[in-house]
Amino acid sequence: PPEEIAVLVQTNAELFPIYDVLRAREIPVILQGKSDLLQHPIVLQACTILKSIQSQGDNSLLHALACSCFPCRPEDLARVSFYARDKKLKPEQVLLSLEELQLPLTDLDSVITVHNLLLDLRQKKESRTILQTVEHVLRESNLSSSAHAKSPLDLAAIEAFFQYIKQYCLDHPTASLHAFLHDLALY
């Protein structure tokens with residue numbers, strides 16, 4: 001069926017000739033370029049996780065923990081945030097001390113497991129290329145497997161995002177994750 005077919009291209013400029021040919025043959029077409037790709041829910045989650053492992057900001061890990069690819073419950077994250085604000089601590093300090101603090105969390109194990117995953121990704125980013133880091137994020141967050149299970153369009157989006165990053169790495173072989181995220185914000 002047509003709704004299960006996706007055409008992926010490297011640049012937006014390649015979209016228009018393909019679009020014109022398909023429309024001329026009366027094949028239904030939905031045109032989505034890179035800006036739409038970056039707004040896709042799975043790609044947004046990947047970017048949020050990448051930003052959290054790059055950033056040392058107070059709320060970046062909480063934003064990543066809140067991604068729907070992770071099993072963390074919103075009320076647990078709210079409790080962590082409230083406790084940090086109430087005690088004038090950084091959320092990262094609270095997350096690192098969850099077992100000792102004995103906060104009444106619904107699913108403490110999930111918060112600790114995902115937090116540890118994010119810390120592991122953060123600590124290993126300097127020993128990995130951008131592409132390796134993204135690959136680990138997509139695999140370890142289950143974004144790639146959930147995209148495959150959800151729909152062909154989700155899978156196409158995650159594959160297009162990965163291809164975009166591969167091309168970026170070829171064009172900027174010495175770029176850091178920080179530089180990549182900065183450049184991504186310009187689009």
Side-chain angles (χ1 to χ4, degrees), residues 32 34-128 130 132-151 153-158 160-162 164-165 176-187:
Q32 294 182 321
K34 183 171 28 185
S35 61
D36 291 333
L37 173 67
L38 297 178
Q39 295 305 310
H40 189 282
I42 291 178
V43 175
L44 278 172
Q45 288 181 72
C47 290
T48 299
I49 295 167
L50 288 168
K51 289 173 189 171
S52 79
I53 63 174
Q54 173 57 43
S55 173
Q56 300 296 326
D58 289 346
N59 293 317
S60 63
L61 284 175
L62 283 176
H63 293 301
L65 286 162
C67 287
S68 62
C69 63
F70 295 131
C72 300
R73 300 181 55 96
E75 64 270 21
D76 289 342
L77 300 179
R79 285 184 182 104
V80 168
S81 183
F82 178 76
Y83 185 87
R85 188 173 49 249
D86 187 51
K87 301 295 183 185
K88 296 184 179 21
L89 298 170
K90 293 181 178 182
E92 176 68 16
Q93 293 171 298
V94 176
L95 289 166
L96 287 169
S97 307
L98 278 178
E99 290 176 312
E100 297 85 38
L101 293 174
Q102 298 180 348
L103 291 176
L105 301 185
T106 309
D107 192 355
L108 176 65
D109 290 340
S110 288
V111 176
I112 290 173
T113 300
V114 175
H115 180 244
N116 286 340
L117 166 68
L118 295 171
L119 288 178
D120 184 62
L121 289 166
R122 181 183 277 178
Q123 291 166 350
K124 292 180 179 170
K125 77 177 188 291
E126 297 301 326
S127 64
R128 293 178 175 153
I130 298 170
Q132 290 170 329
T133 298
V134 171
E135 188 175 9
H136 280 273
V137 164
L138 295 176
R139 191 176 333 114
E140 294 175 34
S141 67
N142 294 318
L143 283 171
S144 57
S145 60
S146 72
H148 186 59
K150 286 184 180 179
S151 81
L153 291 178
D154 289 342
L155 182 58
I158 210 72
F161 181 62
F162 193 71
Y164 172 76
I165 294 167
S176 65
L177 180 60
H178 177 77
F180 167 71
L181 292 170
H182 178 267
D183 289 350
L184 196 61
L186 299 176
Y187 290 107

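Quantities reported herein were computed from a predicted structural model and do not represent experimental measurements.
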For Val111, is there any backbone N or O sitting under 3.5 Å from a side-chain donor or acceptor partner on Arg73? no
Check whether the side chains of His40 and Asp154 place a donor and an acceptor atom closer than 3.5 Å, and report yes or no. yes
Is there side-chain contact between Val114 and Pro71, with at least one heavy-atom pair below 4.5 Å? yes
Which heavy atom in Phe161 sits nearest to a heavy atom in Ala46, and how many Å separate them? CE2-CB, 4.0 Å
Show your working on side chain to side chain contact (heavy atoms under 4.5 Å, CB included) between Leu117 and Thr113 and close with a plain yes or no. CA-CA 6 Å; Leu117 166 68; Thr113 300; 5.8 Å; no
Approximate separation, where rounding is to 0.5 Å, of Ile130 CD1 and Glu135 CD: 13.5 Å
Any donor-acceptor pair under 3.5 Å linking the side-chain atoms of Ser141 with those of Gln45? no
For the backbone of Lys124 and the side chain of Ser127, can you confirm whether one donor and one acceptor N or O come within less than 3.5 Å of each other? yes
Supply the atom-to-atom distance Leu89 CG to Leu96 CG, rounded to the nearest 0.5 angstrom. 11.0 Å
Ala179 backbone acceptor or donor facing Ser176 side chain under 3.5 Å: yes
Does any part of the side chain of Leu44, heavy atoms only, come nearer than 4.5 Å to the side chain of Leu38, both counted from C-beta? no
Can a donor-acceptor pair be found, under 3.5 Å and without considering hydrogens, that links the side chain of Asp76 to the backbone of Thr106? yes
Let's go through Cys69 and Ile49 carefully: what are the C-alpha distance in whole Å and the side-chain angles of both, what is the deciding distance for side chain to side chain contact (heavy atoms under 4.5 Å, CB included) to 0.1 Å, and is it a yes or a no? CA-CA 10 Å; Cys69 63; Ile49 295 167; 3.9 Å; yes
Evaluate Leu184 against Lys51 for side chain to side chain contact (heavy atoms under 4.5 Å, CB included), listing each step before the verdict. CA-CA 11 Å; Leu184 196 61; Lys51 289 173 189 171; over 6 Å; no
All heavy atoms of Val80 vs all of Pro91, minimum pair found to be CG1-O, 4.5 Å
Does CD belonging to Glu99 count more than 12 external heavy atoms closer than 6.0 Å? no
Distance col, row Ser110:OG vs Leu77:CG, nearest 0.5 angstrom, shows 10.5 Å
I'd like to know if the side chain of Glu140 and the backbone of Val137 have a donor-acceptor N/O pair within less than 3.5 Å. no
Compare all side-chain heavy atoms of Leu119 with those of Glu92 and state whether any distance is below 4.5 angstrom. yes
Determine yes or no for a side-chain-to-main-chain donor-acceptor pair under 3.5 angstrom, with Asn142 supplying the side chain and Ser145 the backbone. no
Spatial distance of atom NZ (Lys125) from atom NE2 (His136) [nearest 0.5 Å]: 14.5 Å
Spacing of OG belonging to Ser52 relative to CG belonging to Leu61, to within rounding of 0.5 Å: 5.0 Å
Identify, with sequence neighbours excluded, every residue that meets side chain to side chain contact (heavy atoms under 4.5 Å, CB included) alongside Ala156. Ala6, Leu8
For Phe162 and Ser144: C-alpha separation, side-chain torsions, deciding distance, then whether side chain to side chain contact (heavy atoms under 4.5 Å, CB included) applies. CA-CA 10 Å; Phe162 193 71; Ser144 57; over 6 Å; no
Side chains of Leu121 and Arg128: closer than 4.5 Å at any heavy-atom pair? yes
Roughly how far apart are Leu103 CG and Arg79 CZ, rounded to 0.5 Å? 9.0 Å
Closest approach of Ala64 and Leu118, non-hydrogen atoms and distance? CB-CD1, 3.7 Å
